[in-house]
Amino acid sequence: MPTKEDYLQFVCSQIERLGYVRYKKMFGEGMIFLNEKPIFLVCNSTVHVKMLPEMKELMEGAETAFPYKGAKEHYILDIENKELACEVAQTLERVLPLPKPKKPKVK
């Protein structure tokens, strides 16, 4: 079931104290950005976190799942735990690169 916009807004509100937070809807689901870095993937109203070495200790004991068919396994973040959500978001924002700018379309 697609993620509702109010859930994406709630996820953003949980980490808004960390900087510029926004979401982008994609295929009925969403990506949460912190300071323009894509940090959380939200599918079926579940917040997914990339399985990076920096996340291992923070997400110890967390459930894991595949956000969509063909995706790599991700941690599932308890977004209700605001302190954990902020700690995870800060860590991801520190270690993830900014997305590469898109090349202009040739007409």
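As a basis for the values below, the full set of heavy atoms in this structure was taken, side chains included, without hydrogen atoms, waters or symmetry mates. Numbers here are sequence positions counted from 1. Worth saying up front: this structure is predicted, and the values here are computed from it rather than measured.
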- Task: Quick one: pull up CG in L84 and NZ in K82 and give me the separation to the nearest 0.5 Å.
- Result: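 L84 CG to K82 NZ: 13.5 Å, rounded to 0.5 Å.
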- Out of curiosity, I79 CD1 to S45 OG, how far, rounded to the nearest 0.5 Å?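 Interatomic distance, I79 CD1 to S45 OG, rounded to 0.5 Å: 12.0 Å.
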In this structure, would [X] and [Y] fall into the same cluster of hydrophobic residues linked by side-chain contacts under 4.5 Å?
X: Y75; Y: L41; value: no
X: V21; Y: F33; value: no
X: M26; Y: I39; value: no
X: L96; Y: M31; value: no

- Yes or no on side chain to side chain contact (heavy atoms under 4.5 Å, CB included) for I32 and I15, after CA distance, side-chain angles and deciding distance? CA-CA 10 Å; I32 306 297; I15 61 168; 4.1 Å; yes
Kindly list each side-chain donor-acceptor pair under 3.5 angstrom involving residues 47-68, sequence neighbours excluded, with atom names and distances?
unit_1: T64; atom_1: OG1; unit_2: E73; atom_2: OE2; d: 2.6

- Can you list every pair that meets side-chain hydrogen bond (donor to acceptor under 3.5 Å, both in side chains) and has a residue in residues 14-26, with sequence neighbours left out?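 For residues 14-26, and leaving out neighbouring residues, the side-chain hydrogen bond (donor to acceptor under 3.5 Å, both in side chains) pairs sorted by first residue read E5-Y23, R17-E83, R22-E36.
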- Query: How would you list all residue pairs meeting side-chain hydrogen bond (donor to acceptor under 3.5 Å, both in side chains) that involve residues 84-102, not counting sequence neighbours?
  - Reply: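 For residues 84-102, and leaving out neighbouring residues, the side-chain hydrogen bond (donor to acceptor under 3.5 Å, both in side chains) pairs sorted by first residue read N35-E93.
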- Query: With F40, which of L8, L34, V88 fulfils side chain to side chain contact (heavy atoms under 4.5 Å, CB included)?
  - Reply: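 Of L8, L34, V88, side chain to side chain contact (heavy atoms under 4.5 Å, CB included) with F40 is met by V88 alone.
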